[in-house]
Amino acid sequence: MARLVYACRFDVAAKEGIASVLSTYKDWIVGHYRGRRELAEFNFDPEVAGAPEGLPIGHSLTASIYQDGDERAVRLRWSFPDDIDAGLRWANEARVGQFGDRCGVEHLISIESVQYSVAPARLLFGSPRAVRDVCTKAPAYIGEMQVRAEPYALEQNGLNDLLALLTSDLRRLPVVLLSPYVRGELNQIDPVKLARNLAGVAVVVRVENPELTWDFADEVGRQLSCFNGAARIYWPGFSKASDPRSHRLFFGAWIEQVGPAVAARAIERAVFAVAAFRYVSDSRIADLIRRFEAAERQKLLLEKKETGDDFWAEYERDLARLDEARKKLEEIEAENANLRANQQVFFAAEAGGSDELAQQQETEELSFSSVAEAVQAAAKRCNNVEILDTATFAAEASPFQRPYDIFKALTDLDEIVDAWSKNRDEKGSGGDLLQHLRDRGWGKRSSMHISDTTRGKLRSHYEFEYQGKKQLFEPHITIGAGDPNSCASIHFIFDQERLKMVVGHVGKHLPNTKT
């Protein structure tokens, strides 16, 4: 039985309408046979019903035309054996329909085994070239959302638009976000190639400015953000309250480990699997085909009835075929129920193996219900961080809604101590502490000092007892902005002799001359 492995559906607003889309499909199919198959004389007109001549053995190609008034649709069916694995057969079905000023396009790809061989199939494919070309030549729409077969660049003034898109109830496609590294290097995955391979089924957004990823994190929270060379799939239905595990994150370190090509394939497989499973045919095209076929059957029935040629025998055969169809439908419904029951396992297997499972388990492990819980977890995990009682008390009183961000900041401080110590041993100097913070993305949100005015008027708020005496805890990281629900700060000092980051405050932003 054939397995659906790819499905896309969109509208095109083109002046030429259906003719323009069919011309693109013609170029794709004819180019395949004249180029890859070296059939120089091959030709095919998708606007003429029937099959072309000169197809190689094992290949099938037909065009069907459906017309009802001003509405018109064309269905192309094209199947051929796999070039590498002779036991596999690929089947493309494209349906194109003109409805007013919009042209509906659907493309399905199925694969079936024609030879019994218990061996895995390597399904290496992206969106068909015809789909990519259609999405490039003319504006393409999923509902009211315009899509294209190229990446969108996120600029500073586009952050609000991205947030509105991600949280929109009208969004039907996943958004794949590619973030740069904290020092400014671009994500290793090629955004142009990824966008072309995902044409019609996903939107690719690339970020070049690392500061933008932190602004984005301030809006959605660290657990739902994407930073430091990572990639993330934001499925439709995303909100700031979403479970991070529901929107898959591919860490930059993992992308480096497996290579950008393998990482891109993992993203594509995840999107293709969901798109194929969630596919629903265009009701306009399906209805037009049903109406046309029903009218043709009725026409044929009347002709046979008038001539009397085997009318009742044919009628009896039709009833028998109807019974067979009903039985087949029951079998398909049972099989579909079984597939749905096993879909979660199927997606896990498609997702890319143990490395991504480990990422998911890590995310699951690091879910906190409060700032106090995040601080407790960091205290247990971080050998180089010492959290004073004042910080614990402040954390318990903090209403900050993104506790994971607190945990991440504390664990980054822990890692900075190791990095500083290693630099000192190898280079004679541990390096600038602020630079270490910048290397981990905290540059815009950290400072080594408070203002002179604040130090003079509000010094006592920044003093905490450490090693038996009051000390001024000026270095700080500020997360978010606004009221205590959305803004928090961490104040610390670095004890270079003990190699400890000493944290005196975690929670509500301490008072300054502006508050």
Side-chain angles (χ1 to χ4, degrees), residues 1-14 17-18 21-22 24-25 28-29 46-47 49 60-79 90-112 125 127-128 130-132 134-135 138 140-145 147 170-174 198-202 235-237 271-297 325-326 328-337 339-340 343 346:
M1 180 177 291
R3 169 186 166 192
L4 184 65
V5 294
Y6 172 88
C8 74
R9 168 185 155 188
F10 55 90
D11 282 358
V12 176
I18 193 171
V21 176
L22 291 177
T24 301
Y25 270 92
W28 176 50
I29 296 172
E47 297 200 65
S60 174
L61 175 60
T62 59
S64 301
I65 313 296
Y66 306 91
Q67 185 86 36
D68 186 11
D70 294 333
E71 296 182 342
R72 183 166 177 260
V74 175
R75 177 164 59 188
L76 305 177
R77 288 174 169 168
W78 180 28
S79 64
W90 293 87
N92 288 269
E93 180 171 349
R95 295 193 286 259
V96 185
Q98 185 70 46
F99 305 95
D101 61 350
R102 289 286 181 95
C103 180
V105 181
E106 299 180 287
H107 195 117
L108 312 178
I109 300 178
S110 301
I111 186 170
E112 64 179 336
F125 67 96
S127 290
V131 171
R132 300 197 299 266
V134 169
C135 291
Y141 297 87
I142 307 291
E144 297 303 315
M145 177 183 173
V147 296
L170 300 177
R171 180 164 67 95
R172 294 293 178 264
L173 296 185
L198 293 176
V201 291
W235 302 106
V271 173
F272 289 152
V274 174
F277 179 69
R278 293 299 299 267
Y279 168 75
V280 177
S281 63
D282 188 321
S283 60
R284 300 168 303 176
I285 297 177
D287 183 59
L288 174 56
I289 292 175
R290 280 195 298 268
R291 281 187 278 121
F292 180 86
E293 291 180 340
E296 288 296 302
R297 287 194 300 270
R326 285 172 176 167
K328 189 64 176 177
L329 180 59
E330 291 176 359
E331 293 175 1
I332 292 174
E333 288 177 344
E335 181 181 6
N336 188 46
L339 287 173
R340 288 179 181 274
Q343 197 66 31
F346 169 74

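Index from 1, following the sequence.
The aromatic rings of H107 and Y6 lie perpendicular to each other, with more than 60° between the two planes, well past the 30° mark.
Of all heavy-atom pairs spanning A199 and R132, the tightest one is CB-CG, 3.9 Å. Pairing each heavy atom of A275 with each of V201, the nearest pair is CB-CG1, 4.2 Å. The shortest heavy-atom contact between G97 and I285 is N-CD1, 3.9 Å. The minimum heavy-atom distance between A276 and A7, with the atom names listed, is CA-CB, 4.1 Å. S127 and L198 make their closest contact through OG-C, 3.7 Å (heavy atoms, listed as atom of the first residue, atom of the second, distance). Smallest separation of non-hydrogen atoms from L76 and A63: CD2-CB, 3.7 Å.
No side-chain heavy atom of I109 sits under 4.5 Å from any side-chain heavy atom of F272. Here the side chains of V134 and F10 are in contact, with some heavy-atom distance below 4.5 Å. Taking 4.5 Å as the limit, every side-chain heavy atom of V274 sits out of range of all side-chain heavy atoms of Y279. W90 is listed as a side-chain neighbour of V5, based on a closest heavy-atom distance under 4.5 Å. Annotation: side chain of S281 is in contact with side chain of R95 (closest heavy-atom distance under 4.5 Å). Looking at heavy atoms from C-beta onward, L4 lies out of side-chain contact with F277 at the 4.5 angstrom threshold. Residues Q98 and D70 form no side-chain contact, since every pair of their non-hydrogen atoms from C-beta on lies 4.5 Å or further apart. Residues W78 and W28 meet the side-chain proximity criterion, which asks for heavy atoms closer than 4.5 Å.
For R172, there are no salt bridge (Lys or Arg N to Asp or Glu O under 4.0 Å) partners, not counting sequence neighbours. Residues forming a salt bridge (Lys or Arg N to Asp or Glu O under 4.0 Å) with E293 (at least two apart in sequence, or on another chain): R75. Remark: D11 engages R102, R284 in a salt bridge (Lys or Arg N to Asp or Glu O under 4.0 Å) (not counting sequence neighbours).
For the atom pair I65 CD1 and I289 CD1, the distance stands at 10.5 Å (nearest 0.5 Å). Here CG of L173 is found 10.5 Å from CH2 of W235. Values are rounded to the nearest 0.5 Å. Interatomic distance, D282 CG to E106 CD, rounded to the nearest 0.5 Å: 5.0 Å. Atom CD of Q67 is separated from atom CZ of F292 by 8.5 Å, given to the nearest 0.5 angstrom. Atom CZ of R9 is separated from atom CG of L108 by 11.0 Å, given to the nearest 0.5 angstrom.
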Quiz item: V131 and Y25: side-chain contact (heavy atoms from CB on, under 4.5 Å), yes or no, with the steps?
Solution: CA-CA 8 Å; V131 171; Y25 270 92; 3.8 Å; yes
